[in-house]
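The structure appears below as structure tokens.
Naming: A, B, ... by sequence-line order, numbering from 1 per chain. Computed from heavy atoms alone, side chains included, the values below leave out hydrogens, waters and symmetry copies.
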Protein chains: 2
Amino acid sequence: MLSTQIATAAHVTLASTLATSTQGPARTLLRAPALPVLKSDAAANQRASQHVAETLKLLIEKLAPQRRVVHAGDLVYQGGESFGHLYVMTSGFFKLVNLSADGREQVVGLKFRGDWLGFDGIANGRYACDAVAMDTGEVLVIRYDALFAACAAQPALMTALHEAMSREIARDRDSLMSVCTLPADARVADFLRYWAESLARRGLRSDQITLRMTRAEIGNYLGMTLETVSRSLSKLARAGVIVFAEKGRRDVQIPDVDALSEFIQHCLAPASPVLQ
Amino acid sequence: MLSTQIATAAHVTLASTLATSTQGPARTLLRAPALPVLKSDAAANQRASQHVAETLKLLIEKLAPQRRVVHAGDLVYQGGESFGHLYVMTSGFFKLVNLSADGREQVVGLKFRGDWLGFDGIANGRYACDAVAMDTGEVLVIRYDALFAACAAQPALMTALHEAMSREIARDRDSLMSVCTLPADARVADFLRYWAESLARRGLRSDQITLRMTRAEIGNYLGMTLETVSRSLSKLARAGVIVFAEKGRRDVQIPDVDALSEFIQHCLAPASPVLQ
DNA sequence: CGGTAGGTTGAGCGCATTCAAGCGTTGTGG
DNA sequence: CCACAACGCTTGAATGCGCTCAACCTACCG
């Protein structure tokens, strides 16, 4: 048992030999010291968190936007609806869901405090997906035309807007890379890593996270079935990389975020260097 | 033989019954009339093509940008390089390649005339991927600070910029949906459909396309191996949805773009309604 | 004409899916 | 208060899609 699986990783073109050599002495998932967060990250997270707060303050001061409170399941906007507003989250968790013409449903993004919602609507004048609240939260409601006008006079606003869009583009590409190059176990680990990092960057505690998504939603987001998600989480728990809370399986403790990265590398290792 | 495969499609949550009923009388891949493009699409393509031309003209007039000619293999920018410019394609074909810290390589985007390159660099001040020319082409070199300043006085510029970013975000999500919800054969068909549509929207002929990517590159982009790409293309050719040029397998004829969509639906069909 | 890169196809295997059973938690109504 | 249904989660067994490995082919180029 403890069936350590060989990397699947659809087509790793070049430099895959590198991945092997950089992995170090193989299999050190359970580390003794386990410092909760790297110091360098802590500083970066502090800055990122402050940056989010400043951007929110800027928007509130310059645009005096309406605020809208949402509860789990509420739609901020819906695919097909005519575009007019952008939304900036001050709290809560959202998912973005694409719906194809033939009825396929796909979670294409997860959003946290400070993130913007609605960029997909600018180009075509209609929103291209649903923005669904996964918990109680609040968004700033920003009229696009008002923002557009304000940008001309307030460079800081335009900077904030462009930064947010740029970050979203970069993040979407990382998602695609994760789905395309990682086997199921590593994808789940990467998902947890991303979630923890997202919380950390916003100044929230990241060692104990509450997944607000069902296994089915996670699976949809990661391109796998809910059973595979469940199995991967169990495997992560067995490896000690995550710890489930006593009651219920929605809460996940992450003693050491770096162990998640190591687990991913372990999944990508071509073959078991030592024994399994 | 002619092993028509059942749908894999990782997790199609709801409304998947719809997909079945909307498919019509099942299996009509080879249609007699085969009009090259739907009339409604033709009008939309005309408009889109004109819109691209107008945007390029606007940029040239307002910013008098440098032009840069590139050849196959040239890098417009490279991941890690410090950000300073955006680029707008006037001709050619580009791919965007992400490189992860551990050496995984992933094609995360394909770009055509009128598309912008470099958005990923705005947020962090460094480009997050490589932009590689796949053919001879030309880009407008646009200093971001100059564009930023010009946007304040020229709303049309800001509109063009935001539209381009929005379109990119929406497109990236479609890519993710394709990778997550479609089986290999359908993914290849969707890739061809996207490529043909991209050409059509720019006023280029879309019934005869020259793939400027190797099977390995296509496979990387779609999250599968080059062998699977080859097999899927062969299957599409056997079904008559595409036709290979006599000499070489890089040129692909697409007699009827809609047949590609039908093929995708066929791949998604829960089970063979009639016989296989 | 040999060398190389890209492409096709077959055989076998394995990861992830499908199908299925069982468990824990929550919520509702008798 | 307790059945009982509904929902989410876990785990096992079997199947199959897509991957790996391999051989062979074509086109291109020095």
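One interatomic measurement links the two molecules: CG of B:N220 to P of C:dG6, which rounds to 14 Å at whole-angstrom precision. Separating the NZ atom of B:K235 from the C1' atom of C:dT9 is a distance of 13 Å, rounded to the nearest angstrom. B:E227 has its CD atom 17 Å from the P atom of C:dC13, to the nearest Å. Rounded to whole Å, atom C1' of C:dA16 lies 14 Å from atom CG of A:L222. Here the C1' atom of nucleotide C:dT9 and the CG atom of B:L236 are 16 Å apart, to the nearest Å. Rounded to an integer number of Å, the gap from A:M224 CE to D:dG16 C1' is 18 Å. The interatomic distance linking B:R250 (CZ) with D:dA27 (C1') rounds to 11 Å, in whole Å. Rounded to whole Å, atom P of C:dG24 lies 16 Å from atom CZ of A:F244.
A:Y87 is linked by a ring pair (Phe, Tyr, Trp, His ring centres under 6.0 Å) to nothing, counting only residues two or more places apart in sequence or in another chain.
Among C:dT8, C:dA20, D:dG18, the nucleotide with an atom closest to any side-chain atom of B:S230 is C:dT8. Comparing atom distances between the A:L226 side chain and each of C:dG7, C:dA16, D:dT10 picks out D:dT10 as nearest. Out of C:dA16, D:dT20, D:dC9, the shortest distance to the side chain of A:T228 is found at C:dA16. When distances run from any side-chain atom of A:R215 to the nucleotides C:dT8, C:dT17, D:dC9, the shortest one goes to D:dC9.
Ring geometry for A:F112 against A:F93 counts as perpendicular: the plane angle is over 60°, on a 0 to 90° scale with 30° as the lower cut.
With rounding to the nearest 0.5 angstrom, the NZ atom of A:K95 is 9.5 Å from the CG atom of A:L110.
Within the 4.5 Å cutoff, side-chain heavy atoms of A:F191 are placed close to those of A:I218.
Ion pair B:D120/A:R171 not flagged as a salt bridge, since none of the NZ, NE, NH1 or NH2 atoms sits closer than 4.0 Å to an Asp/Glu carboxylate oxygen.
No N or O donor and acceptor, one from the side chain of B:R231 and one from the base of C:dG7, sit under 3.5 Å apart.
Nucleic acid contact for A:T214: sugar-phosphate only, since backbone atoms but no base atoms lie under 4.0 Å from a heavy atom of the residue.
Contact between the side-chain N/O atoms of A:S234 and the OP1/OP2 oxygens of D:dT11 is found at a separation under 4.0 Å.
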